[in-house]
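Order of listing sets the numbers, starting from 1, for every ligand and every atom in it.
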Amino acid sequence: MRSLFFSLPPPFLLLVLLVLLSPWPVWAQAPATTFPSGPRGDPDCPEACACVPGGQANCSALALAAVPAGLSRRVSALLLDHNCLSALPPGAFVGAGALLRLDLRENGLRSVHMRAFWGLGALQYLDLSANQLEVLAPGTFAPLRALRTLSLAGNRLARLEPAALSALPLLRALNLQDNALTALTPGLLAGLPALDSLRLRGNPWACSCALRPLCTWLRRHPPPAAEAETLLCTSPRRLRLSPLTAFSDAAFSHCAKPLAPRDLAVIYVLGPASFLASLAACLALGSVITACRARSRRRTAARRPPRRPPDPDPDLEGSASPADPASPAAAAAQA
Ligand SMILES: *[C@@H]1O[C@H](CO)[C@@H](O)[C@H](O)[C@H]1NC(C)=O
């Protein structure tokens, strides 16, 4: 270093000295203007990402195959969009407990472990759009009690179980557009009391009884006209292209009413109880029959004379055939 410094031509050396000794903090400002991020090696910034003082860690489009290490509670927004995270392992974001915003768009995500979002109790905004998710395990979003906005748009979801979303008491906006959903499972919307924006277009809705809860919800929360026009049945054929918002409650009058919780409780109690009762009855009946049989066997055994040993006995008929020339009976007949 020193030899390089001294081998520089004198005019250049002079320039370097001038800059170094200048009263304006040229060096101090230069990195701040060319890199708005915190310096590399900042303990609060995951390596490879660019961080800004507000707590945003920008790790967009870095071809990352895993969530970067070094997440801290100082990070409030984590941008991981346009990377190559094909799976999220359990506890993928532990350490980032103060995270409010998480962007995972366009990662080719195929699986999210049911405990991937553990520790993100403050998260308000989660974007999982434009991935390749086909199913979501039960409880995946359960830790996200503060979630307000969730996007699952542009995936391959054909079913969305209520248990996957769990109860998200503060969720206001849910985007499900451009998936493979044919219906929303009953109970899904019931767990989302604060929901007021639901994006649904681009799904092959099957207009059957299973669509009733969704149609009921849509009547109570009418979507903007532009969105409503795009919500169309794709099956059955006679309802093809009928708008979902056109079905009144009367359209579902032929459908069986869903069971009330009390009926369900009765079924759940009666089912196992009757099973146990019949099991007990079978056991009791079986043991009574066995006991009766054993008793009658004992009684007949007491009445009958004791059985003789099976020794050959000439007086006993049938013990040997008279036709048998070697038998004592045949010998007696001959004599
Ligand atoms: C994050 O970084 C990328 C690339 O460095 C940039 O294009 C993008 O605008 C940044 N995003 C934000 C929200 O600052």
Can you list the atoms of ligand 1 that are under 4.0 Å from a heavy atom of Q56?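 Counting atoms of ligand 1 from 1, those under 4.0 Å from Q56 are 13 (C), 14 (O).
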- Establish whether atom 4 (C) of ligand 1 and some protein heavy atom are separated by less than 4.0 angstrom.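 No; the ligand atom in question lacks any protein heavy-atom contact below 4.0 Å.
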Please report whether atom 9 (O) of ligand 1 has a protein non-hydrogen atom at a separation of less than 4.0 Å.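 Protein heavy atoms within 4.0 Å of atom 9 (O) of ligand 1 - there are none.
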Subject >> Shared hydrophobic cluster for L123 and L79 (ILVMFWY, side-chain gaps under 4.5 Å) >> reply: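 Cluster IDs for L123 and L79 differ.
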ask   = Nearest protein heavy-atom contact for atom 12 (C) of ligand 1: which residue, which atom, what distance?
value =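 Heavy-atom neighbour on the protein nearest atom 12 (C) of ligand 1: N58 ND2, 3.4 Å.
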Identify the protein heavy atom lying closest to atom 13 (C) of ligand 1, giving its residue, its atom name and the separation to 0.1 Å.
->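 Result for atom 13 (C) of ligand 1: L79 CD1, 3.5 Å.
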- Message: Using only atom types and a distance under 3.5 Å, with no angle test, would you say the side chain of R159 pairs donor to acceptor with the backbone of A180?
- Response: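 Between the backbone of A180 and the side chain of R159 there is no qualifying donor-acceptor contact (under 3.5 Å).
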Q: Answer yes or no: is there a donor N or O on one side and an acceptor on the other, between the side chain of N155 and the main chain of Q132, under 3.5 Å?
A: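 Indeed, once roles are kept as given, a pair shorter than 3.5 Å links the two residues.
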If you count the non-hydrogen atoms of other residues, nucleotides and ligands that lie under 6.0 Å from CZ in R219, is the total more than 12?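 Result for CZ/R219: enclosed.
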D249 with R212: basic N within carboxylate O range, under 4.0 Å =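 Salt bridge: yes.
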